[in-house]
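What follows is a set of notes on a single structure, which appears directly below.
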Amino acid sequence: MRATHRVRYWESIICLSPSRREWEIRLQETLGPHYVLLHSSGHGVLYISIFIRRDLIWFCSEVEFATVTTRMVSQIKTKGALAASFTFFGTSFLFINSHFTSGDGKVSERILDYKKIIEGLQLPRNIPDTNPYRSNPMDVTSRFDEVFWFGDFNFRLNKDRPGVNTILQTKLERDMSRLLQYDQLLKSMQSGSIFKGFEEAEIQFLPTYKFDIGCDAYDTTSKQRTPSYTDRVVYKSRHKGDIRVMKYASCSLMKTSDHRPVFGLFDVRIRPGRDNIPLAAGQFDRELYLLGIKRRSSRELQKRQAVKNQKNSTVCTVS
């Protein structure tokens, strides 16, 4: 059997709501009645929400999650990682959201964050490994069929601000090679220092950091931070060809943060189910589902009423 399903997610979503619950309700409202929240968890400022098509929840295992803290910035803001894993039919998935050490020259610290995370995340716990012979006890990413790792990796461009500005002023269109030749992450991946076995889709968008909030201007403060590709999505598969990139881009219209969100859309090959995988019995967040759909219905009714009122209105002129 060769079946494929699409994996969609945002590397970062700007949460305008006052609480995580409100954010999840808005996601449910946007996705509509055909999707349900399978799992949601948080660690400091890191969040993961996994929505799945409603008719497919019967083929998922229970979701397990784990966290690693690499550095406490404050009681709320955390450098580290949050991971969630589950098995879908006969294919195991691992999703990791992480925030690495910031700073232009702190490449070695970011690589150390990565090593702490792959060694510290204790997954899976109760769900059987689909291929234990290919697993490494010191690397959580080796214990799953399909791995998606995303977040603010904080890798920068090794180029001064004036030099980057000069490149940005040229007509780059979708060819970012003139910028990416200075990218710290790509160089570190090529040397094998980080994300071993991972791939990244071709970057065809402008640097996602650091913007003045509310506009398209890069940092105009006295710090004059160099525009960089801090926000990334990388992926890894045990089986070559299982993951196919459909879309990799940033959202230039979202200007409520100094970062631009990055998103990915992927086709993933799914293998037949296994008898030894304990299924989750169709569990999902029903309360959230009802709240989100109720809001969506109310919004659609308001739209219909607005259209109806517009059609019924008339304009009279006297000449």
*Using a distance-only test with no angle check, is there a side-chain donor-acceptor pair under 3.5 angstrom linking Asn165 and Gln169?*
no

*Counting distance only, does the side-chain N/O of Ser142 pair as donor-acceptor with the main-chain N or O of Ser135 below 3.5 Å?*
no

*Using a strict 4.0 Å threshold on nitrogen-to-oxygen distance, state whether Lys79 and Asp113 make a salt bridge.*
no

_Check: Arg161/Tyr218 side-chain N/O donor and acceptor closer than 3.5 Å_ = no

*So, Asn126 and Glu62: side-chain donor and acceptor under 3.5 Å apart, yes or no?*
no

*Please check if any side-chain donor atom of Tyr248 sits under 3.5 Å from a side-chain acceptor atom of Glu200, or the reverse.*
yes

*Evaluate the criterion salt bridge (Lys or Arg N to Asp or Glu O under 4.0 Å) for residue pair Asp242 and Arg271; output intermediate values, then yes/no.*
CA-CA 10 Å; Asp242 268 10; Arg271 285 173 168 74; 2.6 Å; yes

*asked:* Are the side chains of Tyr47 and Ser40 in contact, using a 4.5 Å heavy-atom criterion?
replied: no

_I'd like to know whether the aromatic ring centres of Phe100 and Tyr114 sit less than 6.0 Å apart in this structure._
no

*Where Met254 and Arg260 come nearest, the two heavy atoms and their spacing*: O-CD, 3.2 Å

_Before we go on, tell me: are the rings of Tyr35 and Phe51 under 6.0 Å apart, centre to centre?_
no

*Please check if the distance between the ring centroids of Phe266 and Tyr235 is under 6.0 Å.*
yes

*Taking the side chain as C-beta and beyond, is there a heavy-atom pair between Tyr229 and Leu179 under 4.5 Å?*
yes

*Any side-chain heavy-atom pair from Trp23 and Ser49 closer than 4.5 angstrom?*
yes

_Charged N-O contact under 4.0 Å between Arg21 and Glu24_ = yes

_Less than 3.5 Å apart, any donor N or O on the side chain of His39 or Ser41 sitting next to an acceptor on the other?_
yes

*Between Asp231 and Thr208, do the side chains contain an N or O donor and an N or O acceptor separated by less than 3.5 Å?*
yes

*Does a side-chain heavy-atom distance below 4.5 Å link Phe153 with Phe195?*
yes

*In Å and rounded to the nearest 0.5 Å, what is the CZ to CD1 distance from Arg295 to Ile25?*
5.0 Å

*Should the pair Arg156-Asp104 be classified as a salt bridge under the 4.0 Å nitrogen-to-oxygen rule?*
yes

*So do the side chains of Glu119 and Asp139 get within less than 4.5 Å of each other, counting heavy atoms only?*
no

*Looking just at side-chain N and O atoms, do Thr130 and Arg238 make a donor-acceptor pair shorter than 3.5 Å?*
yes

*Is there side-chain contact between Pro278 and Ile127, with heavy atoms separated by less than 4.5 Å?*
yes

*asked:* Side chains of Lys236 and Thr141 only: does a donor on one sit below 3.5 Å from an acceptor on the other?
replied: yes

*Only one of Asp258, Thr230, Asp219 passes side-chain hydrogen bond (donor to acceptor under 3.5 Å, both in side chains) with Lys210; say which it is.*
Asp258

